There are 2 protein chains.
Amino acid sequence: MNTHQLFHTIHQLSRELAKQANHTLQPFGLYTAQWSVLFVLKEKGKMTQKELCDYLAVEAPPMTRTIQRLMKQGYVKQVTGEDRRAKIIEMTEQSKAAYPEWEAAVLQMNDRLLIGVSDEQREYMQQLLSSYLMNVKENSQKGTLHE
Amino acid sequence: MNTHQLFHTIHQLSRELAKQANHTLQPFGLYTAQWSVLFVLKEKGKMTQKELCDYLAVEAPPMTRTIQRLMKQGYVKQVTGEDRRAKIIEMTEQSKAAYPEWEAAVLQMNDRLLIGVSDEQREYMQQLLSSYLMNVKENSQKGTLHE
DNA sequence: TAAATTTAGTTACCTAGGTAATTAATTTAG
DNA sequence: CTAAATTAATTACCTAGGTAACTAAATTTA
């Protein structure tokens with residue numbers, strides 16, 4: 001009963017947060033997947049698609065789709081670098097200009113959703129979840145390891 | 001930075017756990033969505049689709065799909081009751097017979113993924129996440145409330 | 001250096017879940 | 001008792017993300 005419940009709560013919370021985020025981003029024509037890429041690009045500067053995949057822990061195909069969509073909207077541009085396989089992604093002037101407004105909306109949402117959760121609780125929750133995530137990633141490989 | 005990170009960790013953990021669960025259930029021809037329904041039916045007995053939706057916090061359309069699939073596999077049957085709008089869902093003899101094997105595999109997986117997380121930590125994590133989830137659901141309505 | 005292997009990205013197809021609109025049955029008002 | 005409103009489920013279409021198979025470029029290896 002216990003472990004099932006934990007799984008279910010995490011899953012439900014993830015969906016609920018995504019729903020809220022999409023609702024918050026809707027006025028700007030953005031969805032959570034696109035927002036996550038823009039957020040990372042703003043923090044880290046230009047990156048290849050591979051680096052974005054690794055950083056966001058997403059497989060390559062969904063990343064391709066998200067980036068193609070961001071390009072269509074004019075929020076991101078692709079540049080070919082030294083390695084002609086890789087595509088370097090960077091924000092456009094347009095999205096750099098609009099970014100502060102998007103971020104403000106997201107931060108306001110985060111604050112609203114965390115009303116009633118103390119800083120300490122949030123901090124500890126982050127710590128527990130990170131450690132659990134690491135465990136899952138480590139222990140998942142044991143099933144497929146050969147000896 | 002903090003609240004973004006929390007969101008990201010929850011999302012990533014949810015996906016990683018689903019991936020593991022799908023991998024565990026694959027030999028039985030089941031996916032997580034189907035398993036979650038079978039698990040609830042086993043615990044609670046026969047239920048209408050609406051009750052399943054409420055219990056699992058999933059919208060009606062995905063539930064319709066999951067149930068149709070379970071019916072095709074012969075794991076579940078639909079019965080019309082008093083209220084001829086509602087469809088009552090119950091497990092078949094086939095799935096009742098196979099259930100213990102499925103459950104054993106899932107419990108073994110849960111235990112494996114929780115290696116390195118103490119019972120206390122798991123308990124507290126559950127508590128924090130539940131309280132956060134309740135918060136999110138409450139505070140989400142404030143945005144759309146009229147006064 | 002030529003051949004084999006690896007790597008970055010894309011395409012096609014899959015599951016999971018959400019919203020909006022629709023249908024049919026049931027309740028509630030008038 | 002009839003008309004309006006509500007409710008359970010479905011259909012159609014959307015986003016998010018995953019796997020497998022493929023292409024093209026770069027790197028290893030023989």
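Computed from a predicted model, the values in this text were never measured in an experiment. Keep in mind that the numbers below use all heavy atoms, side chains included, and drop hydrogens, waters and symmetry copies. Proteins get letters first, then strands, A, B, ... in listed order; numbering begins at 1 in each.
Annotation: of the two residues near DNA chain D, A:Asp83 and A:Thr32, the 5′-most nearest-nucleotide partner is A:Thr32. Residues A:Lys50 and B:Ser36 both approach DNA chain C. Their nearest nucleotides, taken by heavy-atom distance, put A:Lys50 toward the 5′ side.
Using the six-membered ring where Trp is involved, B:Tyr99 and B:Trp102 have ring planes that are perpendicular, over 60° apart on the 30 and 60° scheme.
Between B:Arg65 and C:dT15 there is no side-chain polar atom (N or O) within less than 4.0 angstrom of OP1 or OP2. For C:dT15, the OP1/OP2 oxygens have a side-chain nitrogen or oxygen of B:Arg69 closer than 4.0 Å. Regarding contacts with the backbone of C:dT10, a side-chain N or O of A:Thr64 is found under 4.0 angstrom from either OP1 or OP2. A close approach under 4.0 Å does not occur between any side-chain nitrogen or oxygen of B:Gln12 and OP1 or OP2 of D:dG18. Using a 4.0 Å cut-off, no side-chain N or O of A:Lys19 falls inside it from OP1 or OP2 of D:dT15. Checking the phosphate oxygens (OP1, OP2) of D:dT7, no side-chain nitrogen or oxygen of B:Gln49 falls inside 4.0 Å. At D:dA16, none of the side-chain N or O atoms of B:Arg15 fall inside 4.0 Å of OP1 or OP2 (strictly under the cut-off). Between A:His11 and C:dG17, a side-chain N or O to OP1/OP2 separation shorter than 4.0 Å is present.
With rounding to whole Å, B:Arg84 atom CZ is found 16 Å from D:dT10 atom P. Put simply, CE on A:Met63 is 13 Å from C1' on C:dA8, counting in whole angstrom units. Residue B:Ile88 contributes atom CD1, which lies 9 Å from atom P of D:dA9 at whole-angstrom precision. Here the P atom of nucleotide D:dT15 and the CD atom of A:Gln34 are 9 Å apart, to the nearest Å. For the pair B:Ile10 CD1 and D:dA16 P, the computed distance is 18 Å after rounding to whole Å. A:Arg85 places its CZ atom 9 Å from the C1' atom of D:dA24, with the value rounded to the nearest Å. The separation between A:Asn22 atom CG and C:dA20 atom C1' is 16 Å, rounded to whole Å. The CG-P distance, from B:Leu25 to C:dC14, rounds to 20 Å in whole Å.
Heavy-atom contacts from other residues, nucleotides or ligands closer than 6.0 Å to CE of A:Met71 number more than 12. The environment of B:Gln108 atom CD is sparse: at most 12 non-hydrogen atoms of other residues, nucleotides or ligands sit within 6.0 angstrom.
At a threshold of 4.0 angstrom between heavy atoms, the contacts of A:Gln78 are confined to the sugar-phosphate backbone, with no base atom among them. If you check every strand for non-hydrogen atoms under 4.0 Å, A:Ala60 touches a base. Within 4.0 Å of B:Glu82, counting heavy atoms only, lie sugar-phosphate atoms of the nucleic acid but no base atom. As judged by a 4.0 angstrom heavy-atom cut-off over every strand, A:Thr66 is placed among residues making no nucleic acid contact. Across all strands shown, A:Gln68 has heavy atoms under 4.0 Å from sugar-phosphate atoms exclusively, and none from any base.
Interatomic distance, OH of A:Tyr75 versus OG1 of A:Thr92, reported as 8.5 Å (0.5 Å rounding).
Here C:dA20 is the nucleotide among C:dA25, D:dA26, C:dA20 with the atom lying nearest to any side-chain atom of B:Pro61. Side chain of B:Lys87, nearest nucleotide from C:dA25, C:dA8, D:dT10: D:dT10.
Of the options A:Leu113, A:Leu17, A:Leu129, a side chain to side chain contact (heavy atoms under 4.5 Å, CB included) to B:Leu6 is made by A:Leu129 and by none of the others.
D:dC13: Watson-Crick or G-U partner is C:dG18, with both key distances under 3.5 Å.
Within the 4.5 Å cutoff, the side chain of A:Arg112 has heavy atoms near those of the A:Gln20 side chain.
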